[in-house]
Structures are given as C-alpha cells and as structure tokens.
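The figures that follow rest on heavy atoms only: side chains count, while hydrogens, waters and symmetry mates do not.
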Amino acid sequence: MRIAFLGTPDFAIPSFQMLIDEGHELALFTNPDRPKGRHGALTPPPTKELACKHGIPVFQFEKIRLPEGVSALRAFAPELMVTAAFGQILSQENLDIPPLGCINVHGSLLPKYRGAAPIQWAIINGEQVTGVTTMLTEAGLDTGPILLKRETPIDENETAGALFDRLAIMGAALLQETIAALLAGTLKPQPQNENAATKCTMIKKETGRVDFTKPAKRVHDLVRGVSPWPGAYAEMEGETVKLWQTRRTERTERGEIGACVIANPREGLFVQTGEGILEITELQFPGGKRMAAKAALLGHPMQGKLFS
RNA sequence: CGCGGGGUAGAGCAGUUGGUAGCUCGUCGGGCUCAUAACCCGGAGGUCGGGGGUUCAAGUCCCCCCCCCGCAA
C-alpha cells in the first residue's frame with residue numbers, strides 16, 4: 001500500500017520501521033533538519049536517517065499545511081497517511097488527500113492527555129496506568145475518533161525515557177493491528193468523550209524546576225517525568241544542581257524544607273520535602289557528569305545545606 | 001568558529017602570590033571491640049588529559065590539540 005508517514009522523533013521510529021518491514025510503499029514527511037548539540041550542527045530527524053537507510057523518499061517542510069507541502073503530499077498520492085509524533089498540525093486539505101484517511105499514533109489513553117507531551121505528563125502527574133491509542137486524525141488537536149487502545153502500567157520508578165521507549169514499541173504494534181483491521185473493515189471508530197478530555201502542554205526547561213515544598217511523591221514523580229529531558233534541577237548555594245534519580249523513603253528526620261537532613265557517603269543524600277523525606281540517588285553538579293549521590297558526597301559536603 | 005564550566009590516586013574533590021602533590025571514600029596490612037558498614041595506626045596506589053614554550057623550578061603562567069559537561073538553539 002502507498003503510505004505517507006509523517007513523523008519526526010524517536011517515538012515514531014518503531015512505527016516507521018514496522019511499516020518498512022511490512023513492505024509498504026512509503027514516503028516520509030518530516031520537519032527540516034535542526035541545529036543541535038553544542039556547536040549547533042544541522043542534524044536530520046531520526047526518522048529521516050531511517051528513511052535514508054532504506055532509500056525511502058524524504059520531504060521536509062516547516063509547515064506541511066502550506067501549499068508546497070500540500071502539493072508534495074498530493075504528488076505522492078498516498079492511499080493512507082500515518083502520523084506519529086509529527087509535531088505539526090495538519091490542515092483539512094492535507095487530511096483529504098489519502099482516500100483511506102489518516103491514522104495517528106498517540107502516547108496516551110485518549111481522550112486523556114491530548115497534546116504534545118503526554119508521556120512525561122502522565123508520569124509527572126503520578127498516573128499508574130497509561131497506554132497508546134490509534135485514532136482517525138482530524139483537524140483538531142488529538143480529537144479524532146478512537147480506533148484502538150492498549151493499556152500498560154507505569155512502574156513507580158519508571159522514567160519518561162523508559163516509558164517513551166515502551167510506548168513507542170507498543171504504538172508500532174497497535175498501528176500494525178489498526179491497519180490490518182482497517183483493511184479488513186472491522187474498525188469501529190468511537191468518538192472521544194469530550195467531558196473526559198484533558199490537554200497537556202509542552203515540556204519546557206522550566207518544567208524541570210523542583211519545588212521541595214511539595215510532597216516527596218510529587219517531587220519524585222517530577223524528577224522521573226522530566227528524565228532524561230529536560231532534567232530536574234534545584235539551586236544550592238547559587239549553583240544549579242540537576243537531580244537525576246530519587247527514591248521515596250519512610251524516614252522521619254525533620255528539617256527545614258529543602259535541607260539535606262542526612263548527607264554522607266555511607267548513608268546517602270536525604271532531603272526534607274513538604275511531606276516526607278526524599279532520597280536523591282543520582283545528581284549532577286555544574287561542569288560535572290551525572291553521578292551517584294554517594295560518590296558526589298565524597299567531594300561535595302552537603303550535610304545541612306539547602307536546596308531551593 | 002554562539003556563551004560558559006571542567007579534565008589531579010580505583011571513585012568524588014582541594015591545591016592560595018610558580019617552590020617536596022593533599023582530603024574523603026575505597027583498597028591492602030595491623031590494632032581496638034561481645035560486635036560492626038563504627039573507631040585507631042600504618043601501607044600501596046598519580047608522567048596532575050596530550051604536545052610545545054617561559055623559568056633555576058610549572059598541577060599552577062603562555063600557545064596549540066583532544067575529551068567531558070551546563071546554558072542557549
């Protein structure tokens with residue numbers, strides 16, 4: 001089948017790979033190369049690299065809904081369109097091109113967590129279950145009728161990065177099922193329940209700022225929800241310290257909020273939160289690499305110091 | 001050539017105006033103790049990222065290169 005695949009980051013890779021393995025006649029539509037890294041070298045999106053390896057034609061547009069994009073899409077004349085973490089809003093004109101319509105793979109259980117960063121927000125909000133959804137794409141933001149859904153539990157220590165990888169693979173499998181069902185004519189699109197819908201915003205750098213006045217669980221959820229990007233951080237004596245991994249504890253020491261109530265290489269690093277003591281197990285000082293807290297404490301005395 | 005912080009013992013760090021390279025942990029040996037991840041004593045372990053230069057003398061000052069990290073994108 002002729003399929004136009006619209007996707008950009010790593011999340012889209014397993015789905016794209018699946019379509020390649022199934023032998024479809026593909027074209028990739030993705031974002032332009034972006035400056036990346038410390039020296040701002042132009043870097044192609046992950047999906048583009050995969051496409052190039054397989055000799056799949058690549059079309060890059062800042063906005064595919066503009067006339068250029070529309071005509072390129074029309075020229076490819078796909079029977080079906082698939083989007084996965086595309087990062088662009090499609091116009092009705094785009095959507096009308098493929099006769100079989102457009103399927104989107106989304107990293108949440110719609111209608112919850114519509115929007116750009118559903119995986120991170122599910123963890124930050126302390127959800128215990130999430131999943132992937134396939135849907136018929138509409139012009140709105142993740143509002144189209146639901147095709148198939150698959151749930152998965154979130155481990156209490158799982159990071160966004162780990163969940164990302166799992167959901168990307170689940171998404172690919174669900175997409176495979178969805179396309180098979182579409183061709184078999186057994187799909188029954190279900191309109192989303194608007195009353196249950198929630199939207200999530202994009203993750204910004206600032207989202208990673210830790211607020212120790214919150215309960216230990218909320219801090220823990222934030223730390224793993226923004227790991228590995230953009231990473232959680234707090235200030236200590238004017239320096240930005242990144243917090244990479246935390247662990248909830250039953251400890252009962254009391255101290256000022258943000259204080260390192262226990263901080264030695266033997267026991268580890270324990271910080272007073274608004275509710276409970278949180279252990280920080282992995283962190284990173286300016287100029288340094290991320291390291292185990294117990295190692296960091298050998299050269300960075302922190303007993304009694306304050307995070308803010 | 002976007003801005004900045006770093007590379008010193010196995011690990012994490014300190015090293016002031018150039019003048020015998022230190023600290024904590026680990027490691028090895030010994031001691032103390034009912035006992036210990038606790039405590040005491042002692043030992044091993046470093047071409048101070050690499051190269052060149054200045055100097056009687058360079059971890060430290062100057063130039064070049066490599067690698068790591070944060071910010072900004």
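The residue among A:Gln284 and A:Pro265 whose nearest nucleotide of RNA chain B lies closer to the 5′ end is A:Pro265. Toward the 5′ end of RNA chain B lies the nearest nucleotide of A:Gly287, the other residue of the pair A:Ala296 and A:Gly287 mapping further downstream.
Comparing B:rA11, B:rC39, B:rA72 against the side chain of A:Arg266 picks out B:rC39 as the nearest.
Pairing partner, B:rC71: B:rG2, with both Watson-Crick or wobble hydrogen-bond distances short of 3.5 Å. With both pairing distances under 3.5 Å, B:rU27 is matched to B:rG43 as a Watson-Crick or G-U wobble pair. The pairing partner recorded for B:rC34 is none, the criterion being a Watson-Crick or G-U wobble arrangement whose two distances lie under 3.5 angstrom.
In this structure, A:Glu239 places its CD atom 10 Å from P of B:rG6, rounding to the nearest Å. One atom, CD of A:Glu62, and another, C1' of B:rA73, lie 14 Å apart when rounded to the nearest Å. In this entry the distance linking CG of A:Asn31 with C1' of B:rA73 reads 15 Å, nearest Å. Between the NZ atom of A:Lys289 and the P atom of B:rG12 there is a distance of 8 Å, rounded to whole Å. In this structure, A:Leu283 places its CG atom 13 Å from P of B:rG70, rounding to the nearest Å. B:rA11 atom P lies 12 Å from atom CE of A:Met291, rounded to whole Å. The separation between A:Gln303 atom CD and B:rU24 atom P is 18 Å, rounded to whole Å. Between A:Lys294 atom NZ and B:rA37 atom P the separation is 15 Å, expressed in whole Å.
Annotation: B:rU20 and B:rG31 have their P atoms spaced 36 Å apart (nearest Å). Using atom C1' as the reference point in both B:rG18 and B:rG12, the two lie 27 Å apart (nearest Å).
Taking every heavy atom of both residues into account, A:Thr143 and A:Arg114 meet most closely at CG2-NH1, 3.7 Å.
The CD atom of A:Gln284 sits 11.0 Å away from atom OG1 of A:Thr240, with the distance rounded to the nearest 0.5 Å.
Using the six-membered ring where Trp is involved, A:Phe59 and A:Phe29 have ring planes that are parallel, under 30° apart on the 30 and 60° scheme.
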Evaluate the criterion side chain to side chain contact (heavy atoms under 4.5 Å, CB included) for residue pair A:Asp221 and A:Ile124; output intermediate values, then yes/no. CA-CA 5 Å; A:Asp221 291 342; A:Ile124 293 169; 5.6 Å; no
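Residue A:Gly288 is classed as a sugar-phosphate contact, given heavy-atom separations below 4.0 Å to backbone atoms only.
A donor-acceptor contact under 3.5 angstrom links the side-chain atoms of A:Arg38 to the base of B:rG70.
Contact between the side-chain N/O atoms of A:His300 and the OP1/OP2 oxygens of B:rC13 is found at a separation under 4.0 Å.
At least one donor-acceptor pair closer than 3.5 Å links the side chain of A:Ser71 to the backbone N or O of A:Pro67.
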